[in-house]
Amino acid sequence: MINTDNHKNTNGRRVLLLSILCLFGFCLVAQVQPRRNAAQPAKSKVYLLHADVLKKSKDNPDPDAQILVGNVSFRHDSIYMYCDSACFYEKSNSLEAFDNVKMEQGDTLFLYGDYLFYDGNTQIAKVRNNVRMENRTTTLTTDSLNYDRIANLGYFFDGGTLMDEENVLTSDWGEYSPATKMSVFNYEVELVNPQFTLTSDTLRYNTATKVANIVGPSDIDSDENHIYSELGYYYTQQGQAELLNRSILTNEGKQLTGDSLFYDRNKGVGEAFFNVEFVDTISKNMLTGNYCYYNQLMSYAFATDKAMAVDFSQGDSLFIHADTLQMYTFNFNTDSVFREARAYHKVRFYRTDVQGVCDSLVFSSKDSCLTMYRDPILWNKQQQLLGEQIMIYMNDSTIDWAHIQNQALSVERLDSANYNQVTGKEMKAFFKGKEMRQVDVIGSVRLVYYPMEKDSTFIGMNISETSQLSMFLENRKLKKMIMSPKSNGTLYPMTQIPSNKKKLDNFAWFDYVRPLSKEDIFNWRGKGAGQELKKSTRGAAPLPNQKLFENAKKE
C-alpha cells in the first residue's frame with residue numbers, strides 16, 4: 001500500500017532535491033558495456049512496491065517521472081531494490097535510487113551503494129559511490145560498478161577490491177561473475193595472501209577454487225622466494241604453481257628456469273621441464289637439462305635428459321655431462337657446511353686445460369676433491385692419465401694435483417708414432433699454472449721414454465724399470481728424472497728400436513674418446529673392444545640418495 005498522506009511542509013524540500021539529483025544522475029552513469037549473450041530475455045515490467053511519499057515534479061525533464069521518498073522498494077522479476085528515495089520512470093521501465101541503496105537477487109547476491117540507475121529493459125544496474133557486492137563469502141568493493149543481470153556479471157573501471165576467505169585482490173579495472181565465481185583483473189593488479197603477494201598486469205581468479213590464472217607478466221613473492229611468470233596457474237590454497245613460457249623461480253641466489261615449472265611452496269620443491277637452467281649465483285655453477293628437480297629445504301637438486309653442469313667460478317668454465325647430475329648440501333646450520341656434485345654414467349667433461357671421461361664422479365667442496373670412478377681418463381695438453389680411480393684435488397677451481405690409483409698409466413704423445421709412457425700401481429701428478437710439473441710413480445714402475453736434444457731432436461728410446469720414479473717437467477718437456485732404486489735401463493738409437501719395445505704392454509691412447517669441445521661432451525664414445533683395464537676390485541661412486549630420488553619421482 002502506497003502512503004500518500006499530505007506532508008507538504010515536511011517533504012517539499014526533499015522532492016525538489018530529488019528532482020535535481022535525477023537530472024544529475026543521468027550525467028553520472030558511465031557507459032561501459034559487458035559481454036552479453038545474443039539471445040535476450042522477454043522484457044518485463046519494473047514494479048513499485050512501496051514508498052512513504054509519491055510526487056510528480058515539474059522540474060524533471062520527464063513529466064511522467066514519479067518522485068518517491070521514504071522506504072522505497074521495487075521488484076523486477078526475481079530482483080528486489082530498496083533505497084531512501086527514488087525517481088521512477090514507468091514508461092521507460094527504469095529508475096534512479098538514492099541513499100542506502102540495496103539490491104537483492106535470491107539469498108546469495110547483494111549489491112549496495114549510494115546511487116543506482118536501473119534499466120528494466122536492458123537489465124543493467126549502474127551503482128555508484130561506496131559500492132559493495134556480496135556473493136556468499138566473496139565481497140567486491142568499488143566506487144563505480146555496473147551489474148548486467150543477463151550476463152550475470154559485475155564490472156568496475158575506476159579501481160576495486162575483491163576479498164574472499166583466502167585472498168585480497170585489487171586492480172584498476174575488473175569484472176566478477178557470481179554464477180561462475182570467475183573474476184578478471186587488469187592494470188596494477190595485486191593479490192595479497194598471508195603467505196605471498198602476486199602482482200601483475202592481467203590476472204584471472206576463481207573465488208570458489210582459489211586458483212589464480214596468470215595471463216600476463218606477473219611476480220610472486222613469498223619469504224626468500226620470487227617467481228616470474230607470464231602464463232600459468234597458482235593454486236593459492238595449496239601453495240602450488242604450474243607455470244609456462246620460460247617462468248623463473250628464484251631462491252637465495254639460486255634460479256630455476258624452464259619451458260614449464262611446477263612449484264610447491266609448502267614442500268619447498270620445484271620442478272622444471274625442457275630447456276632447464278638451474279643457476280647458483282653464489283657458488284657460481286649451473287645445471288642444465290630437459291628435467292630438473294630442486295628441493296630448497298634440503299638444498300638438493302638433480303638434472304637429467306641431456307644434463308650438463310657448468311662451473312664458472314673461474315674465467316675458464318668447466319662443462320660436465322652425464323646421464324644424471326646431482327647437487328647435495330651437507331651439515332646444515334653448522335660451520336662445516338659443504339656441497340657435493342655427483343654425476344652418474346657416461347660422464348664427459350671439458351675445459352680448455354683439462355678433459356676427462358669416466359663412468360661416474362663426485363666433487364666435494366669439503367676437500368675440493370673431484371673423484372673419477374670406473375675406467376677414468378684424464379687429459380692435459382698432450383698428456384693422458386688413466387687408472388682404476390682418479391682423484392683430482394682443486395685449488396680455486398684449478399687442478400692442484402691428481403692421484404691415479406691402481407693400473408696407473410701416463411702417456412704423452414710426441415708425434416703420430418712416438419709416445420712417452422710410464423706405468424705403475426699408483427701415480428701422483430702435480431700441476432702449476434694449468435700445466436703438469438711433476439709426476440711421482442709408485443710400485444712396479446715401467447718406463448718408455450724418448451730423451452731429446454735441446455732442439456727437440458730425439459736421441460733415442462729408453463726402457464727402464466724401478467720401484468719409484470719422479471719426473472720433473474718444464475714447458476711440457478722433461479727436465480729431470482729420478483729413479484729409486486736407480487736404473488740404467490736400455491737406450492735404443494732411433495734407427496734400432498725393436499718394434500715390440502715401442503709400447504708398454506698396457507699402452508693405450510684414447511684420443512678418439514676425448515671430448516673436443518663443450519658441445520662434444522654430449523657425444524658418448526666408448527673404448528674399443530679389448531682396451532678395457534684388467535678386472536679388479538675397484539672403488540665406486542656413492543650411490544644416489546635413493547630416498548631423495550624416489551621422493552622426487554613421486555612428487
Asks: Could you tell me the separation between the CG atom of L473 and the CG atom of N420, rounded to the nearest 0.5 Å?
Replies: 9.0 Å
Asks: Looking at every heavy atom in both E230 and S247, which two are closest together, and how far apart are they?
Replies: N-OG, 4.5 Å
Asks: Passes side-chain contact (heavy atoms from CB on, under 4.5 Å), I399 versus M394? Steps please.
Replies: CA-CA 5 Å; I399 298 179; M394 315 294 285; 4.2 Å; yes
Asks: Would you check, one step at a time, whether the test side-chain contact (heavy atoms from CB on, under 4.5 Å) holds for Q195 with N266?
Replies: CA-CA 10 Å; Q195 303 297 324; N266 298 324; 5.8 Å; no
Asks: Do the side chain of S365 and the main chain of R339 share a donor and acceptor less than 3.5 angstrom apart?
Replies: yes
Asks: Quick one about E190 and T197 (side-chain donor to acceptor, distance below 3.5 Å, no hydrogens or angles considered), yes or no?
Replies: no
Asks: Any donor-acceptor pair under 3.5 Å linking the side-chain atoms of S470 with those of D440?
Replies: yes
Asks: Considering all heavy atoms of both residues, which atom of L378 and which atom of A402 are nearest to each other, and what is their separation?
Replies: CD2-CB, 4.5 Å
Asks: Determine whether more than 12 heavy atoms belonging to other residues, nucleotides or ligands lie under 6.0 Å from atom NZ of K181.
Replies: yes
Asks: Do K503 and V448 make a side-chain contact, defined as non-hydrogen atoms from C-beta onward lying under 4.5 Å apart?
Replies: no
Asks: Below 4.5 Å, heavy atoms only, C-beta onward: do Y263 and N225 meet side chain to side chain?
Replies: yes
Asks: Where is the tightest heavy-atom contact between F431 and M436, given as atom of each residue plus distance?
Replies: CD2-N, 3.6 Å
Asks: Is it the case that more than 12 heavy atoms not belonging to F472 sit under 6.0 Å from its CZ atom?
Replies: yes
Asks: Test your reading of the model: is there a side-chain donor-acceptor pair from N213 to the backbone of G232, 3.5 Å cut-off?
Replies: yes
Asks: With heavy-atom distances below 4.5 Å as the criterion, would you say the side chains of L516 and Q355 are in contact?
Replies: no
Asks: Taking all heavy atoms of M461 and all of K501, pick out the closest pair and write down the distance.
Replies: CE-O, 3.4 Å
Asks: Closer than 4.0 angstrom, basic N to acidic O: yes or no for D359 and K346?
Replies: no
Asks: If we ignore hydrogens and angles and just use 3.5 Å, is the side chain of T304 paired with the main-chain N or O of D323 as donor and acceptor?
Replies: yes
Asks: Give the C-alpha distance, both sets of side-chain angles, the deciding distance and a yes or no for side-chain contact (heavy atoms from CB on, under 4.5 Å) between Y450 and D415.
Replies: CA-CA 11 Å; Y450 291 83; D415 56 33; over 6 Å; no
Asks: What class does the angle between the rings of Y291 and F273 fall in, given that below 30° is parallel, 30 to 60° is tilted and above 60° is perpendicular?
Replies: tilted
Asks: Hey, is CZ on F274 packed in by over 12 heavy atoms from elsewhere, all under 6.0 Å?
Replies: no
Asks: Looking only at non-hydrogen atoms, find the nearest pair between L325 and A343 and report the distance.
Replies: CD2-CB, 3.4 Å
Asks: Go through the side-chain N and O atoms of N251 and E224 and say whether any donor and acceptor fall under 3.5 Å apart.
Replies: no
Asks: Under 3.5 Å, is there a donor on one side chain and an acceptor on the other for T236 and N193?
Replies: no
Asks: Any chance you could measure M182, atom CE, to N206, atom CG, to the nearest 0.5 Å?
Replies: 4.5 Å
Asks: Can a donor-acceptor pair be found, under 3.5 Å and without considering hydrogens, that links the side chain of R246 to the backbone of N275?
Replies: yes
Asks: Could you tell me if the ring centre of W173 sits under 6.0 Å from that of F157?
Replies: no
Asks: In Å and rounded to the nearest 0.5 Å, what is the OG1 to CG distance from T199 to D219?
Replies: 4.5 Å
Asks: Search all heavy atoms of S368 against all heavy atoms of F363 and return the closest pair with its distance.
Replies: C-CE1, 3.7 Å
Asks: Nearest 0.5 angstrom please: D280 CG to N285 CG, how far?
Replies: 5.0 Å
Asks: Between E271 and V269 (side chain of the first, backbone of the second, donor and acceptor by atom type, cut-off under 3.5 Å), is there such a pair?
Replies: no
Asks: For Y233, does the OH atom sit with more than 12 other heavy atoms under 6.0 Å from it, leaving out its own atoms?
Replies: no
Asks: Taking D172 for its side chain and N186 for its backbone only, find out whether a donor-acceptor pair lies under 3.5 Å.
Replies: no
Asks: Please confirm whether Y350 and F319 have ring centers closer than 6.0 angstrom.
Replies: no
Asks: Answer whether the closest heavy-atom distance between the side chains of F510 and V357 falls below 4.5 Å.
Replies: no
Asks: Are any of the side-chain heavy atoms of E388 and Y373 separated by less than 4.5 Å?
Replies: no
Asks: Check whether T281 reaches the backbone of G253 with its side chain - one donor and one acceptor, N or O, closer than 3.5 Å.
Replies: yes
Asks: Checking side-chain contact (heavy atoms from CB on, under 4.5 Å) against L469, which of I442, I482, V445 comes through?
Replies: V445
Asks: With side chains defined as the heavy atoms from C-beta onward, is the minimum distance between W379 and V513 less than 4.5 Å?
Replies: yes
Asks: Testing the 3.5 Å rule here: is there a donor-acceptor pair between the side chains of T423 and N506?
Replies: yes
Asks: Should the pair D520-R348 be classified as a salt bridge under the 4.0 Å nitrogen-to-oxygen rule?
Replies: yes
Asks: Taking atom CZ of R413 and atom CH2 of W509, what is their separation to the nearest 0.5 Å?
Replies: 6.5 Å
Asks: Has E412 got a side-chain atom pairing as donor or acceptor with K381's backbone, closer than 3.5 angstrom?
Replies: no
Asks: If we ignore hydrogens and angles and just use 3.5 Å, is the side chain of T466 paired with the main-chain N or O of S484 as donor and acceptor?
Replies: yes
Asks: State whether the number of non-hydrogen atoms from other residues, nucleotides or ligands found under 6.0 Å of R437 atom CZ is greater than 12.
Replies: yes
Asks: Mark yes or no for whether Q237, through its side chain, and K210, through its backbone, hold a donor-acceptor pair below 3.5 Å.
Replies: no
Asks: How many angstroms lie between CD in E340 and CE in M327, if you round to the nearest 0.5 Å?
Replies: 12.0 Å
Asks: L203 versus I214: any side-chain heavy-atom pair under 4.5 Å?
Replies: yes
Asks: Answer yes or no: is there a side-chain heavy-atom contact under 4.5 Å between V310 and K518?
Replies: no
Asks: What verdict does the side-chain contact (heavy atoms from CB on, under 4.5 Å) test give for F156 and S171, after you've listed the backbone C-alpha separation in whole Å, the side-chain angles of each residue and the deciding distance to 0.1 Å?
Replies: CA-CA 9 Å; F156 61 88; S171 69; 3.5 Å; yes
Asks: Describe, in one word, how the ring planes of F302 and Y300 are oriented to each other, choosing from parallel (under 30°), tilted (30 to 60°) and perpendicular (over 60°).
Replies: tilted
Asks: Does Y512 have R525 sitting over its ring (NZ/CZ under 6.0 Å from centre, angle to axis within 45°)?
Replies: no
